[in-house]
Structures are given as C-alpha cells and as structure tokens.
Amino acid sequence: MDYLYYKAINWDDIKDNFDKYTWEQLTTNFWLDIRIPVTNDQPAWQQLADTQQQTITRMLAGASMLAVYQSEVGTPAIRHDRRTQQEESVLNTITFMKSVHAKSYTTIFRALIPGNGGANFTWADNNTDLQAEIDQLAQTSTNGTALQKKALFILTETGLSFGKYWTTLQTHSLVNTYQMLANILRGSAIFSAYVGYKFHLGFEDLASSDQAELQHWINTQFDQLMQTEKDFLEANLEDATEAINLAYYGANHALTSLGFDASYEVQPSPLVAQLKKLMIDQDQFLQQVTAANNESDTEEMTDDDYDF
C-alpha cells in the first residue's frame, strides 16, 4: 500500500547547530505589534507638518508591501531547499514573523491616522516603482534557483527596506513607532544572517564556474533593484540623499551576508550607525553559535545572551 512517510522532528538530533541557535534567537526575539502602545505617539504625530506625515505613511506603506511579499511568497519560496527538518521549523517561524511585520504597519496607521490607512496602501499598490520591485522579485521566486531566491530574500529585508524607514527613523519624537521599526529590524537581522549562512552552504557546493555565474547574476539583479529603489526614493522624498545612503548600506549588508564584497558607496551617518547596532554579520553570528554550543544544553537562554 502506498502512503506518505513523515518523520517526527527530534530536536535532540541536531544536524546543524545554526538551526537550533536561530530558533532560540527567533523565539527570544518574539513580539507582537499590539503590545507596543503606538497610540501614545499621537501628540507628537499631530505636531508634524502634513507633508511630513504623508511622507512617513507612504514610505511605511511601501515597506508594508515588501513585508507582505516576504510572508506570502519570499519566505515560502526558500523553504523547498531545506537541508534539515529543523530548518523547516525555523523558516516557518520566519514566515509567521514576516506576517507580524506586515500587520505592524496597519497597527501604526490605525494609531496615527485612524480610518485613513487604506489610502496609503492604495497609493503603494498603484506605485509603478514598488510594483516593478515586486515583479522582479516574483520572477525569481517563481523561476529562480534556490540560491537566487535566498539572495533576493536578503536584499528585500535590507536594501529594499532600509531607505523606506528613513523618514520614520529620523523622526525621534515618534518613540513607539520607532520601537516597532526597531523590532522589525532586529527580526530582519536574524533572518538575513540565517538565510545568508544557508546560502553559503549551497554556494560552496557549486563548481567555481557556477559560482562566478551566480555572483554575476546577483550583482546584476542587485543593481537593477537598487536603481528602482533609488528612483522610488527620489520621486517621493524632497531630499532622498540619506534615504538612498541607508538603502545602499542595506544592499552592502546583503552582499556581505552572502559572502561577497560590498559594492555600494555609503557615507557614515548617525542613522547608518544605528542600523549597524541592530544588524548582525556572519562572523558575529558564527561566534555566538560557538559560544552557545559551549553552554550546557539544559541552560535556558536569556536576552543577555544576544548582542542586539
């Protein structure tokens, strides 16, 4: 009799300690948008000029589109290349947290512009640059290789998102809204480090000629997507210089997460420094995994174990 065979996941039989460690980071970093009192930002929000309010909400609506894409398409697309059963569990958790990220923007709009959030989502839905980004990402999610999908997953979390956060991150009076974005960025840091590590494993399996071909493809895709992102930011910000700088920092972070050299010019700035504190590179991630492995398996991890 033919039947499907399913194997139970044994978390005491770990094939890759990165899976266990990332699971612990994800669950330690777990949060929900409804627990952040964004409504407390209302007095500060009312002090902003109408043009500043519109810019913030439109940029966040654009970021929301990417979060929705990641939860519905981007993360599920990279689950088919899993190497371990624990990896499937980690990616399931990432998928859920991307849904939380996507919902967070509605929570922000509901608190700051009650009843008017839908107009910003409609604006984003009809923006040609945003749709061009999604279309290019979707082509790879549908037709690309497993490693191509991982590369663009990380760019979506970083280079295509950081510039859209600029208007909110530099508005320091919106304390709770900033906290929401900080939580999203911490999640993106973990997602990017983990997927970047899995990319490394697959990349090392390729022949040198295939590695060169893939790297060329990634550089081309990154350049195209970052040009579209630059066009979007310039079209919708009065001065997009710093937003583009953050976007380029994000693209460089994606490249280094993949094991490649940074290729975009980034100027030092306070906001770049803030992002650097929230993000995590592969070397740091590996060091933390090694440190965690030296601890007792029965010892419970706490927030103090993580460098965020």
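For the single chain, residues carry numbers from 1 onward in sequence order.
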Whether the side chain of D261 engages the backbone of T256 through a donor-acceptor N/O pair (distance < 3.5 Å, no angle test) should be reported. no
Please check if the side chain of S257 supplies one atom and the backbone of A193 the other of a donor-acceptor pair under 3.5 Å. no
Enclosure of E213 CD (heavy-atom neighbours >12, cutoff 6.0 Å): no
Taking T27 for its side chain and E24 for its backbone only, find out whether a donor-acceptor pair lies under 3.5 Å. yes
Determine, for D129 against K230, whether the closest basic-nitrogen to carboxylate-oxygen distance falls under 4.0 angstrom. no
Could you tell me if D231 and Q227 have a donor-acceptor pair between their side chains, going purely by distance under 3.5 Å? yes
Side-chain contact test, heavy atoms from C-beta onward, threshold under 4.5 Å: evaluate it for T28 versus Q25 and give yes or no. no
Same cluster or not: are V68 and I154 linked, directly or through other Ile, Leu, Val, Met, Phe, Trp or Tyr residues, by side-chain heavy atoms under 4.5 angstrom apart? no
Looking only at the side chains, is there a donor atom on one of Q47 and S173 sitting less than 3.5 Å from an acceptor on the other? no
Between the side chain of E234 and the main-chain N/O of A240, is any donor-acceptor distance below 3.5 Å? no
Measuring only between side-chain heavy atoms, which start at C-beta, is R186 closer than 4.5 Å to N183? yes
Sequence neighbours excluded, every pair satisfying ring pair (Phe, Tyr, Trp, His ring centres under 6.0 Å) that has a member inside residues 31-50: W31-H101
For G144, is there any backbone N or O sitting under 3.5 Å from a side-chain donor or acceptor partner on Q139? no
Pairs involving residues 215-228, ordered by first then second residue, that meet salt bridge (Lys or Arg N to Asp or Glu O under 4.0 Å) (sequence neighbours left out): none
For W23, all residues meeting ring pair (Phe, Tyr, Trp, His ring centres under 6.0 Å), sequence neighbours excluded: W11
Within the 4.5 Å heavy-atom criterion, are Y69 and S141 side-chain neighbours or not? yes
List the steps and the verdict of side-chain contact (heavy atoms from CB on, under 4.5 Å) for L147 and I218. CA-CA 10 Å; L147 294 181; I218 289 172; over 6 Å; no
Pairing of K150 and D81 as salt bridge, 4.0 angstrom limit: yes
Give the cluster check for L169 versus V38: same hydrophobic cluster or not, with ILVMFWY residues linked at side-chain heavy-atom distances below 4.5 Å. yes
V175 and L185: same hydrophobic cluster, using ILVMFWY side-chain contacts below 4.5 Å? no
Do L130 and E133 come within less than 4.5 Å of each other through their side chains, counting heavy atoms only? yes
When you compare the side chain of V73 with that of L137, does any pair of heavy atoms fall below 4.5 Å? no
Can you measure from CG (L155) to CG (L258) and round to the nearest 0.5 angstrom? 9.0 Å
Contacts under 3.5 angstrom, residues 112-126 side chains, donor-acceptor by atom type, not counting sequence neighbours:
from	atom 1	to	atom 2	distance (Å)
N120	OD1	T57	OG1	3.0
T122	OG1	G118	O	3.0
N126	ND2	T122	O	3.1

Is the backbone N or O of R83 less than 3.5 Å from a side-chain atom of E87, with the two atoms forming a donor-acceptor pair by type? yes
Under the ring pair (Phe, Tyr, Trp, His ring centres under 6.0 Å) definition, can you give me all pairs with a residue in residues 210-256, not counting sequence neighbours? Y248-Y264
Looking at side-chain heavy atoms only, is the closest gap between F96 and F30 below 4.5 Å? yes
Counting only N and O atoms by type, is there a donor-acceptor contact under 3.5 Å from the side chain of D41 to the main-chain atoms of T177? yes
Just wondering, do T51 and E238 contact through their side chains at under 4.5 Å, heavy atoms? no
Give a yes or no answer on whether the side chain of T228 reaches the backbone of Q224 with a donor-acceptor pair at less than 3.5 Å. yes
Give the intermediate values and the outcome of side-chain contact (heavy atoms from CB on, under 4.5 Å) for residues D210 and F203. CA-CA 9 Å; D210 293 331; F203 189 76; over 6 Å; no
Calculate, to the nearest 0.5 Å, the distance between atoms OG1 and NZ belonging to T84 and K20 respectively. 13.5 Å
Go through the steps to decide whether K164 and E229 satisfy the test salt bridge (Lys or Arg N to Asp or Glu O under 4.0 Å), and finish with yes or no. CA-CA 9 Å; K164 296 179 176 72; E229 178 67 4; 2.6 Å; yes
Quick check on the hydrophobic clustering: are M180 and L275 connected, directly or via other members, by side-chain heavy-atom contacts under 4.5 Å? yes
Starting at CG of L66, measure out to NZ of K98 and round the result to the nearest 0.5 Å. 8.0 Å
Stepwise, does the side-chain contact (heavy atoms from CB on, under 4.5 Å) test hold for L91 with Y194? CA-CA 10 Å; L91 293 175; Y194 181 71; 4.3 Å; yes
Hits for ring pair (Phe, Tyr, Trp, His ring centres under 6.0 Å) against F18, two or more places apart or cross-chain, chain-then-number order -> Y197, F285
Could you walk me through whether Q42 and Q46 satisfy the side-chain hydrogen bond (donor to acceptor under 3.5 Å, both in side chains) test, starting with their C-alpha distance in whole Å, then the side-chain angles of each, then the deciding distance to 0.1 Å, before giving a yes or no? CA-CA 6 Å; Q42 260 290 344; Q46 295 301 329; 2.8 Å; yes
Quick check for you: to the nearest 0.5 Å, what is the distance between Q85 atom CD and D16 atom CG? 13.5 Å
What's the separation between atom CD in Q136 and atom CG in L225, rounded to the nearest 0.5 Å? 3.5 Å
Is the shortest heavy-atom distance from the side chain of M59 to the side chain of T168 under 4.5 Å? no
Return the CD1 to CG distance between I244 and L246, rounded to the nearest 0.5 Å. 10.0 Å
Donor-acceptor under 3.5 Å (T156 side chain, L152 main chain): yes
